[in-house]
Amino acid sequence: MKIILIGYMGSGKSTIGKALGLLVNIPFVDLDSYIEEKEKQTIHDIFKTKGEVYFRKQEHFYLKELLQADGPMILSLGGGTPCFINNEKLLFNNTSYKTVYLNVSVKELADRLLIGKASRPLISHINSLGEMQEFVGKHLFERTVFYNKSEVVIDANKDQKTILEKLVMMLF
C-alpha cells in the first residue's frame, strides 16, 4: 500500500511521514527531496533558474514515477502538488493508495512557518504573524478544495504521538 500525505507547508507531512514509516516499517519518500535528487538542484534553484512551469511539469513526472513504483511507500507531497497539472486525477479515487490530508489551522500553520521562514523561499519575505496568517489563509482557501478530496482527513494541530496513533488506527 502507498500512503500519500497531503497538506499545506508546515503541516508536518515530512515529519509525520518519516515517523510513520519507521513505526510501520514502510519506506518514506519526500517528493521535493526526490525531485532535488533527480534534478541535481534544490527546489529553490529550479524555481529560480527554470521557473515554476518547468518545476510543476517535473513534479508531475516524478509523482507519476513514484506512484507507479512497486512496493509500499509513504510519500509526502509539496503543498501545491495536488493543485497543479492534473495531479488531482493521479491522486484521488485510486484503490492502489490512500491519500491523507494533514489538516492544520491557519493560526497554527502561521505560528509554525514564522519560526522556520528563512528556509522557505516562498515565505522568507514575510515579517509578522498577521502577514503570515493572511498569506496562509489565502493559499488554504485556494487549496483546501483539493486537500479535502483525500480519503482520510487528520486533525494535525495535535502533537506527533497523537497524530501517529490516529493514522495507524485509521490506515492499518
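With sequence neighbours excluded, no residue forms a side-chain hydrogen bond (donor to acceptor under 3.5 Å, both in side chains) with Q160. Applying the side-chain hydrogen bond (donor to acceptor under 3.5 Å, both in side chains) rule to K64 yields no partners; only residues at least two apart in sequence or on another chain are considered. Residues that satisfy the ring pair (Phe, Tyr, Trp, His ring centres under 6.0 Å) test with Y62, not counting sequence neighbours, are Y34. Residues passing the side chain to side chain contact (heavy atoms under 4.5 Å, CB included) test with I85, sequence neighbours excluded: R56, K57, H60. Looking at residues two or more places apart in sequence or on another chain, you find a ring pair (Phe, Tyr, Trp, His ring centres under 6.0 Å) between F47 and F55. The side-chain hydrogen bond (donor to acceptor under 3.5 Å, both in side chains) check on D159 picks up T162, with sequence neighbours excluded. Under the side chain to side chain contact (heavy atoms under 4.5 Å, CB included) criterion, N127 pairs with K117, E131, sequence neighbours left out. Every residue two or more places apart in sequence or in another chain that forms a side chain to side chain contact (heavy atoms under 4.5 Å, CB included) with Q133 is listed here: V106, K107, A110, L129. In terms of the side-chain hydrogen bond (donor to acceptor under 3.5 Å, both in side chains) criterion, residue partners of N103 (sequence neighbours excluded) are, by chain and number, Y101. Every residue two or more places apart in sequence or in another chain that forms a side chain to side chain contact (heavy atoms under 4.5 Å, CB included) with D45 is listed here: Q41, T42.
The two residues V24 and I74 make their nearest non-hydrogen contact at CG2-CD1, 4.2 Å. Taking all atoms of both residues into account, the shortest heavy-atom contact from Y147 to P82 is CE2-CG, 4.1 Å. Across T81 and N87, no two heavy atoms sit closer than the pair O-ND2, 2.8 Å. For the pair L140 and V104, the tightest heavy-atom approach, listed with the atom from each and the gap, is CD1-O, 4.1 Å. Here the closest heavy-atom approach between residue K2 and residue L66 is recorded as CE-O, 3.2 Å. Heavy atoms only, all atoms of each residue included: S105 and N157 are closest at N-OD1, 3.0 Å.
With values rounded to the nearest 0.5 angstrom, L75 atom CG is found 6.0 Å from L31 atom CG. Note that NZ of K98 and CD1 of I3 are 9.0 Å apart. Values are rounded to the nearest 0.5 Å. With values rounded to the nearest 0.5 angstrom, M132 atom CE is found 8.0 Å from F135 atom CZ. Of the inter-residue distances, the one linking L164 atom CG with K158 atom NZ reads 14.0 Å to the nearest 0.5 angstrom. We find the CD-CD distance between E65 and Q58 to be 10.0 Å, quoted to the nearest 0.5 Å.
No path of Ile, Leu, Val, Met, Phe, Trp and Tyr side chains, each step under 4.5 Å between heavy atoms, connects L20 with L22, placing them in separate hydrophobic clusters. Both Y97 and F61 are assigned to one and the same hydrophobic cluster, defined by single-linkage of ILVMFWY side chains at heavy-atom distances under 4.5 Å. Both L23 and V152 are members of a single hydrophobic cluster when ILVMFWY side chains are connected at heavy-atom separations under 4.5 Å. When the side chains of ILVMFWY residues are joined at heavy-atom separations under 4.5 Å, either directly or via intervening members, F146 and L77 end up in two distinct hydrophobic clusters. Using a 4.5 Å cut-off between side-chain heavy atoms of Ile, Leu, Val, Met, Phe, Trp and Tyr, with links allowed through other members, I163 and L113 fall into different hydrophobic clusters.
Side-chain contact between N94 and L67 is absent, with no heavy-atom pair separated by less than 4.5 Å. A 4.5 Å side-chain heavy-atom check between I123 and V136 finds every atom pair outside the cut-off. Counting heavy atoms from C-beta outward, L63 and L91 have side chains that approach closer than 4.5 Å. Looking only at side-chain heavy atoms (C-beta outward), Y54 and E39 come within less than 4.5 Å of each other. Inter-residue side-chain proximity for E108 and R112 is flagged as met; some heavy-atom pair is nearer than 4.5 Å.
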Please list, one pair per line, the donor and acceptor atoms closer than 3.5 Å that link side chains of residues 165-172 to other protein atoms, with sequence neighbours excluded.
{"from": "E165", "atom 1": "OE2", "to": "K161", "atom 2": "NZ", "distance (Å)": "3.0"}

Would you mind writing out the side-chain donor-acceptor pairs for residues 4-16 within the sub-3.5 Å range, not counting sequence neighbours?
{"from": "Y8", "atom 1": "OH", "to": "H139", "atom 2": "ND1", "distance (Å)": "3.0"}
{"from": "S11", "atom 1": "OG", "to": "Y8", "atom 2": "O", "distance (Å)": "2.8"}
{"from": "K13", "atom 1": "NZ", "to": "G7", "atom 2": "O", "distance (Å)": "2.9"}
{"from": "K13", "atom 1": "NZ", "to": "Y8", "atom 2": "O", "distance (Å)": "3.1"}
{"from": "S14", "atom 1": "OG", "to": "D30", "atom 2": "OD2", "distance (Å)": "2.6"}

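Other residues, nucleotides and ligands contribute over 12 non-hydrogen atoms within 6.0 Å of the NZ atom of K50.
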